[in-house]
Visitor: 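I'd like to ask you about the structure that follows.
The chains referred to below are lettered A, B, ... by the order of the sequence lines, with proteins before strands, and numbering in each begins at 1. Everything numeric here is computed off the predicted structure, so don't read it as measured data.
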Amino acid sequence: MAEITVRVNGTEHSLIVDTRLSLLDLLRERLGLTGSKKGCDHGQCGACTVLIDGRRSNACLALAVTCDGLDVTTVEGLGDGDGGLHPLQAAFIEHDAFQCGYCTPGQLCSAAGMLTEPGPSAVTEDLMEDPPLTPAEIRERMSGNLCRCGAYVNIVTAIEGVRR
Amino acid sequence: MNRVEAYDKVTGRAKYAYEYGVGEVAYAHLVQSTIARGRIRSIDPGQALAMPGVIAVLSSDDPPELGSLDDAELALLQSRAIAYRGQIVAVVVAETPEIARAAERAVRVEYDAEPHDVLLRPDHPGLYPPEKVNPGLPTDTERGDVAGGLADAAVTVDATYTTPTQHNNPMEPHAALAVWADGGLTLYDSSQGVSAERATAAKVLGLPPERVRVISRHVGGGFGSKGTIRPHAVAAALAARATGRPVKIAVTRQQMFEVTGYRTPTIQRLRLGADADGRLTAIAHDVVEQTSTIVEFAEQTATPTRVMYATPALRTTHRLLRLDLPTPSWMRAPGECPGMYALESAMDELAVAAGIDPIELRVMNEPLTEPESGLPFSSRNLVACLREGARRFGWERRDPEPGIRLDGRWLVGTGVASSTYPARRMASRATATAEDGGFIVRIAAADIGTGARTALTRIAAQTLGTSTERVRVEIGDSALPQASLAGGSMGTASWGSAVVKACEAMLKNGAVGSADTTEDVEADSGFARHAFGAQFAEVRVDIDTGELRVPRLLGVFAAGRIIDDSLARSQFIGGMTMGMGMALMEETVVDEEFGDFLNHDLAQYHVAACADVLDIDAVWIEEEDPYLNPMGSKGIGEIGIVGTAAAIANAVYHATGRRIRDLPITPDKLVS
Ligand code: FES
Ligand code: FES
């Protein structure tokens, strides 16, 4: 057992946690924030993606004890706090970028993190460049988030709209 | 109109089965067999029970009382016999998920192992014809002189195609919360059909159905794997009954490979004969596939061949092998999906052998009535789909010569295949009431990502002559009027029929209308009802590495009246995306040494990722069909996956000159 303090969506929580507890289970089981999903618990699907200090991370791969003092944003905290949607959330609705919705919170957090990530990716021609987010760049950078319903075409369109 | 639950889904408010909060909840974890065949000698829960926080270990040492043992996959902890590796042998209940999981490893189970048999082979002496194939169709059919038709043919194809074991892998792993109160059970489960699940749960647990309530408001995909109650839900109910606590259970991604079903591998021999013009003289489609030793599941793989093409002689057969493996189950377009991969690949081979364009070959063999039954089609627009697709895809510019288009390092090719899926419906009930200045429609339907809530809202609004904002549709709860499940692409047709009828009754009698479509559905006969489509693929194959990309995939469908354009496109594209995964990567490998499967997670069972999907589009043609249901609609949840793999495999042949007959088409097969 260990005592930690984490800020989640702007609210500070001090708790005593089992050292085996993942950040994902802390969110879902202890804080009742079930927006972050568990698709594999092994870092293989991206359903649990949250922002830790602004960077996208798989919450299932982070032990809660390692998040002491960190700032976590989940899908519940993406909007403006008054019920208004993040532009990505609105775009996902507009472009029907989900079906069952189970991968969606992870897709949204991942996309939000991706939009601020600089630098080239595996599909960038010139590795010295900070490329524009073309559909090919978006597809490459969003490939850590699986969608078994196969909503990728619409996910990429939705993200493209927000990038512009 | 956006999806009714869109806001809830993008904000994280939509609750899935595992996410309901109740007080005093305990956590269950499954303990699985480590041998593939034999008997349990002993189970020692001592070490697990000694761990702080462990509440109970349920096992066959003290078999929980059940009401029915009919389904051996659901008759948990009753027998000492082991039918496959990964079978549930005990259930651990603890205060937290971490403790439950640690305790699972502390349960000591000793076995007397016996040699196992886990490999499907076409020459296995144990192959047998099942009495029926799903869902109650004849195992074998034969019409006309097949041997003669093949012997007299000017052109023949005789080829064997295989499809591997595939796993549904919905993104939401199966999970349940079981709560007992006053002798009754409430089950929050991830389910494609709460009414059927309630009936089965009641039977298995020995309760009257009215004492069971199943709630499943949001489902994170199912693709068939949540179409019937799975053992985890029974385990949660038994654990909750034994401990007097509400119990939650989440099947891990790894466990899903054994306890939530999979698509049987298939070995399919196709023999086609045609005259010099390409007119079919005979078709024989012989299928070998598997089931477990404890439950018979007979996939209807050859059944689409009974529907597709005109031929004077037609034979279809299914042979099943019982293996020491988990029981196969429903996976998106069971039967049609693997069967059409083989038939549509063989049709492409026939086109090549006869020197005829593959579209013209299909058009030439278009039947006037359903080939096997002789029934008239309620509507059939396959040819229109092929023509429209050819126009959009630029098919007329295609040079049929294989292996000659090199673009840099890439060999480029295109392929086509037909799609089909039955348009059926099942009896359902619904009510419609005028309340609070609007209307509420109630039906125990399921939305597993299809958009059922939204489609039913539209259907109700249209029947009532009102706006969709004034209609609220309540689904996903067995306390609502009984409905059929989300499966077999029958959801919208079945539920919509009941909703229309209930709304019409309400308009007639005032405030309340209720409907039961049992009689309407019983009167559905006299026609062969199917949706059709055509899929076009372009592929690029790296000449050295065999890397295979699919830059373009186009589907054109004829599926009656489309109720919601946006939802329909998503369904079609989603099915095609899964079909692309089937063509290129999806494969579960049997572990011959230890039984069960070698790849057990999403790192090793590959599904299509965002970077794999370049340009996938789906369109449809207008189709009027008065013989279906009040909406005039055909189901669209499954047809998108039917034919995709064949279109891609045919394009691979066109690109490379190599015919890969064993899915998935991985680079090693292209470079070897
Ligand atoms: S649940 Fe974390 S990556 Fe799948
Ligand atoms: S919307 Fe179902 S998995 Fe992405």
Visitor: Between Y605(B) and chain A, which part of the residue has a heavy atom less than 4.5 Å away: side chain, backbone, both or neither?
Guide: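 Contact with chain A is through the side chain of Y605(B) alone.
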Visitor: Measure distances from I448(B) to the heavy atoms of chain A and classify the residue's part below 4.5 Å as side chain, backbone, both or neither.
Guide: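 The answer is the backbone of I448(B).
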Visitor: If you count every heavy atom of other residues, nucleotides or ligands that lies below 6.0 Å from E125(A) atom CD, does the total exceed 12?
Guide: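 It does not: E125(A) CD has 12 such atoms or fewer within range.
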Visitor: Tell me which of these, G83(A), C100(A), G35(A), has more heavy-atom pairs under 4.5 Å with chain B than the rest.
Guide: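 Top option by heavy-atom pairs under 4.5 Å: C100(A).
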Visitor: Are any of the side-chain nitrogens in R3(B) or D96(A) under 4.0 Å away from the carboxylate oxygens of its partner?
Guide: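 Counted as a salt bridge, because a side-chain N and a carboxylate O are separated by less than 4.0 Å.
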Visitor: Set out, in order, the CA-CA distance, both residues' side-chain angles and the distance that settles ring pair (Phe, Tyr, Trp, His ring centres under 6.0 Å) for F92(A) and F98(A), then state yes or no.
Guide: CA-CA 7 Å; F92(A) 267 53; F98(A) 53 87; 7.0 Å; no
Visitor: Counting only heavy atoms closer than 4.5 Å, note whether V613(B) contacts chain A via side chain, backbone, both or neither.
Guide: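 Both backbone and side chain.
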Visitor: Between R217(B) and E5(B), does any NZ, NE, NH1 or NH2 come within less than 4.0 Å of an OD or OE carboxylate oxygen?
Guide: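 No salt bridge links E5(B) with R217(B).
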Visitor: Where on D25(A) is there a heavy atom nearer than 4.5 Å to chain B: the side chain, the backbone, both, or neither?
Guide: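 Contact with chain B involves the side chain of D25(A) alone.
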Visitor: Determine the interplanar angle of the F257(B) and H167(B) rings, folded into 0 to 90°, and report it as parallel if under 30°, tilted if 30 to 60°, perpendicular if over 60°.
Guide: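 Because their plane-to-plane angle lies in the 30° to 60° range, the rings of F257(B) and H167(B) count as tilted.
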Visitor: To the nearest 0.5 Å, tell me how far C109(A) SG sits from N58(A) CG.
Guide: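 So the gap between those two atoms works out to 11.0 Å.
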Visitor: Could you go step by step and tell me if D71(A) and R7(A) meet the salt bridge (Lys or Arg N to Asp or Glu O under 4.0 Å) rule?
Guide: CA-CA 5 Å; D71(A) 196 275; R7(A) 258 175 97 80; 3.2 Å; yes
Visitor: Looking only at heavy atoms and a cut-off of under 4.5 Å, which of D41(A), L33(A), L85(A) has the most pairs with chain B?
Guide: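 Most heavy-atom pairs under 4.5 Å with chain B: L85(A).
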Visitor: Among A250(B), S570(B), G221(B), which has the most heavy-atom pairs under 4.5 Å with chain A?
Guide: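 The answer is S570(B).
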Visitor: When heavy-atom pairs shorter than 4.5 Å are enumerated against chain B, which of P105(A), S36(A), G32(A), C40(A) gives the highest number?
Guide: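 The option with the most such pairs is C40(A).
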Visitor: Hey, are the side chains of E160(A) and I138(A) touching, using non-hydrogen atoms and a 4.5 Å cut-off?
Guide: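 Of all side-chain heavy-atom pairs linking I138(A) with E160(A), at least one is under 4.5 Å.
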Visitor: Pick one of side chain, backbone, both or neither for D18(A), based on which atoms fall under 4.5 Å of a heavy atom in chain B.
Guide: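 D18(A) touches chain B through side-chain heavy atoms alone.
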Visitor: Please look at T252(B) and chain A and tell me whether the side chain, the backbone, both or neither of the residue comes under 4.5 angstrom of a heavy atom of that chain.
Guide: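 For T252(B), neither part sits under 4.5 Å from chain A.
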Visitor: Can you tell me which portion of L88(A) sits under 4.5 Å from chain B's heavy atoms? Options are side chain, backbone, both or neither.
Guide: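 Neither part.
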Visitor: In terms of side-chain geometry, is the basic nitrogen of D615(B) or R552(B) positioned less than 4.0 Å from the acidic oxygen of its partner?
Guide: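 No, D615(B) and R552(B) are not salt-bridged.
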Visitor: Which word best sums up how the rings of Y18(B) and Y27(B) line up, parallel for under 30°, tilted for 30 to 60°, or perpendicular for over 60°?
Guide: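 Answer is tilted, since the angle falls between 30° and 60°.
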Visitor: Examine whether an atom of A14(B) lies under 4.5 Å from a heavy atom of chain A, and if so say whether it belongs to the side chain, the backbone or both; otherwise answer neither.
Guide: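 Backbone only.
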Visitor: Taking side chain as everything from C-beta outward and backbone as N, CA, C, O, which of these in L78(A) sits under 4.5 Å from a heavy atom of chain B? Side chain, backbone, both or neither.
Guide: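 Looking at L78(A), nothing touches chain B.
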Visitor: With a 4.5 angstrom heavy-atom cut-off, is it the side chain or the backbone of R28(A) that approaches chain B, or both, or neither?
Guide: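 Answer is side chain: those atoms of R28(A) sit under 4.5 Å from chain B.
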Visitor: So which of E19(B), H218(B), M580(B), M256(B) has the largest heavy-atom pair count under 4.5 angstrom toward chain A?
Guide: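 That would be E19(B).
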Visitor: Quick one: of K15(B), M576(B), R569(B), who has the most non-hydrogen atom pairs under 4.5 Å with chain A?
Guide: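 Of K15(B), M576(B), R569(B), R569(B) has the most heavy-atom pairs under 4.5 Å with chain A.
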Visitor: Side chains of L146(A) and V607(B): does their closest heavy-atom pair fall under 4.5 Å?
Guide: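 Contact flag for L146(A)/V607(B) side chains = yes.
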Visitor: Measure Y7(B) against the heavy atoms of chain A and call it side chain, backbone, both or neither at under 4.5 Å.
Guide: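 Contact with chain A involves both backbone and side-chain atoms of Y7(B).
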Visitor: What part of Q107(A) gets within 4.5 angstrom of chain B, counting heavy atoms only: side chain, backbone, both, or neither?
Guide: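 Contact with chain B involves no heavy atom of Q107(A) at all.
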Visitor: Using a distance-only test with no angle check, is there a side-chain donor-acceptor pair under 3.5 angstrom linking Q99(A) and Q571(B)?
Guide: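 Yes, Q571(B) and Q99(A) have a side-chain donor paired with an acceptor closer than 3.5 Å.
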Visitor: Is N168(B) in contact with chain A via its backbone, its side chain, both, or neither, using a 4.5 Å heavy-atom distance?
Guide: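 Backbone of N168(B) only, per the 4.5 Å heavy-atom cut-off to chain A.
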Visitor: Compute whether any side-chain donor of one residue and acceptor of the other, for T5(A) and H13(A), lie under 3.5 angstrom apart.
Guide: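 Note: T5(A) and H13(A) side chains miss the donor-acceptor criterion.
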Visitor: Go through D612(B), T11(B), I616(B), N2(B) and name the one with the most non-hydrogen pairs under 4.5 angstrom from chain A.
Guide: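 Maximum pair count with chain A is reached by T11(B).
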Visitor: Taking Q89(A), H86(A), E140(A) one by one, which has the highest count of heavy-atom pairs under 4.5 Å against chain B?
Guide: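 Most heavy-atom pairs under 4.5 Å with chain B: Q89(A).
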